[in-house]
Enquirer: 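Okay, handing you the structure first.
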Protein chains: 2
Amino acid sequence: MPVPPAAEPAKTGPSRREQILAAAAELFARHGFHGVGIDDIGSAVGISGPALYRHFRSKDAMLGEMLTSISEELLDGGLARISSATGAQEALGDLVRFHVDFALDNPSLITVQERNLGNLTDPDRRKVRALQRRYVEAWVEVIRDAVPAIPEPTARAAAHAVFGLINSTPHSRHLDRDQMADLLTAMALTALVHTPVS
Amino acid sequence: MPVPPAAEPAKTGPSRREQILAAAAELFARHGFHGVGIDDIGSAVGISGPALYRHFRSKDAMLGEMLTSISEELLDGGLARISSATGAQEALGDLVRFHVDFALDNPSLITVQERNLGNLTDPDRRKVRALQRRYVEAWVEVIRDAVPAIPEPTARAAAHAVFGLINSTPHSRHLDRDQMADLLTAMALTALVHTPVS
DNA sequence: GCGAACGGTTAGCGGTCGCTAACCGCCCTG
DNA sequence: CAGGGCGGTTAGCGACCGCTAACCGTTCGC
């Protein structure tokens, strides 16, 4: 019975592409890139299978666009926080809070970025890695400004550790959103600023 | 040309099963469970494809055994550290150091446990989750003993955050092993013990 | 010294997956 | 009101994947 889907009432919320990316992110986060089929993504947005190819060139392109845009958003947001801050301490606080908010509000995107970088095509991976490197670099500079005598490799390792701490978010959910944000921000800043030796 | 493989010279290192599990863990960590084929695992240990079924009932069984044994090892090691410690502070320090050492010495196992829990069969996942829950419970008790007025849900969330911090290890590698261990241990303990409010 | 068990091999089956082809109805524009 | 583009549909192709079948050489206990 070929019932035409009777085009839903205007509403014009997020575009089809964005809908698809959100659904795919959710699925990739839960089952892994190769554990999700084209048909799974399609039916998650109410269309079926190959219709996705009206919006994306391939499944790889979906992952690529997903990870590229999240990396750009993190980098842009991070740089904005840094340049609007007045001192190194404030910059570090803003950076942490920004990352915490992003992770809490986009848990599946964060999960996908953490787990599925290796499933990108080579050109996409290069692009995403470049963006990530710039983001880490920004963190490292701020940390070195805020923490007196910390060596550069230590600052880099500490930055990665703090990313791990903050990004652990999607796997817990024992506190409500704002308590969680406060806890993660406090723990991250404490670990960065008050850890001896460093 | 059916050349018989000429059985390598005794040597009797790790058993075949262990070899296979180690190779599979490495591959699962890098490409994801569904991104790795039976033939990939086989050729990583020098045999080819279906020979794996002389050692494991299925690909799922490999993942199941991998995650079960790592969860048991963590739980057993954690409980041992707790019961051999004299006070709450010491127990927490030992627990952190134990987890840090484990993560640094078994990066791909840690990665697989973090990322591929969802690819387990239902019975395996139940078993692994039960073991993990007991491990987290042990941490929560120690944290509540060591940190005066911390509420239980906060302690739980903080434990997960610290796991994230420590398990971020495989993705960095800017310091040598021992410096990394010291840094992660110090950051984790600082975050747990010196974060205000908590 | 024989036979079973062990741990390999290759061939191939059935199912799934990414993607293309071919088609179609709706809506907008000239 | 013709026609093109947009965003859907189903059918199906070719490749790959997990796993089994059938076979075989080596080793070891009796």
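When reading the values below, keep in mind they use all heavy atoms of this one structure, side chains included, and skip hydrogens, waters and symmetry mates. Here is how names work: the chains are called A, B, and so on, in the same order as the sequence lines, proteins then strands, and each is numbered from 1.
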Enquirer: Kindly determine whether B:R115 and A:E114 satisfy salt bridge (Lys or Arg N to Asp or Glu O under 4.0 Å), including the steps that lead there.
Expert: CA-CA 9 Å; B:R115 298 184 186 177; A:E114 257 190 319; over 6 Å; no
Enquirer: Starting at CG of B:L52 and ending at C1' of C:dT9, how long is that distance when rounded to a whole Å?
Expert: 13 Å
Enquirer: Taking atom P of D:dC17 as reference, at what distance in whole Å does atom CD1 of B:I41 sit?
Expert: 11 Å
Enquirer: Holding to salt bridge (Lys or Arg N to Asp or Glu O under 4.0 Å), I want the full list of residues that pass it with B:D105, two or more places apart in sequence or in another chain.
Expert: B:R177
Enquirer: Excluding sequence neighbours, so at least two apart, what forms salt bridge (Lys or Arg N to Asp or Glu O under 4.0 Å) with A:D176?
Expert: none
Enquirer: Only distances under 3.5 Å count here; give the side-chain donor-acceptor pairs of residues 39-57 of chain A to other protein atoms, sequence neighbours excluded, each with its distance to 0.1 Å.
Expert:
unit_1: A:D40; atom_1: OD2; unit_2: A:G37; atom_2: N; d: 2.8
unit_1: A:S43; atom_1: OG; unit_2: A:D39; atom_2: O; d: 3.1
unit_1: A:S43; atom_1: OG; unit_2: A:D40; atom_2: O; d: 3.3

Enquirer: With respect to the phosphate group of C:dC6, does any side-chain polar atom (N or O) of B:R16 fall under 4.0 Å of OP1 or OP2?
Expert: no
Enquirer: Quick one: salt bridge (Lys or Arg N to Asp or Glu O under 4.0 Å) partners of A:E141, sequence neighbours excluded?
Expert: none
Enquirer: If I take atom NE2 in residue A:H55 and atom C1' in nucleotide D:dC6, what distance separates them, rounded to the nearest angstrom?
Expert: 9 Å
Enquirer: Could you encode protein contacts along nucleotides 12-24 of chain C as a string, one character per nucleotide from 5' to 3', using B for base contact, S for sugar-phosphate-only contact and - for no contact, with a heavy-atom cut-off of under 4.0 Å?
Expert: ------SBB-BB-
Enquirer: Could you tabulate the donor-acceptor pairs under 3.5 Å formed by side-chain atoms of residues 90-99 of chain B, not counting sequence neighbours?
Expert:
unit_1: B:E90; atom_1: OE1; unit_2: B:T86; atom_2: OG1; d: 2.9
unit_1: B:R97; atom_1: NH1; unit_2: B:D182; atom_2: OD1; d: 3.0

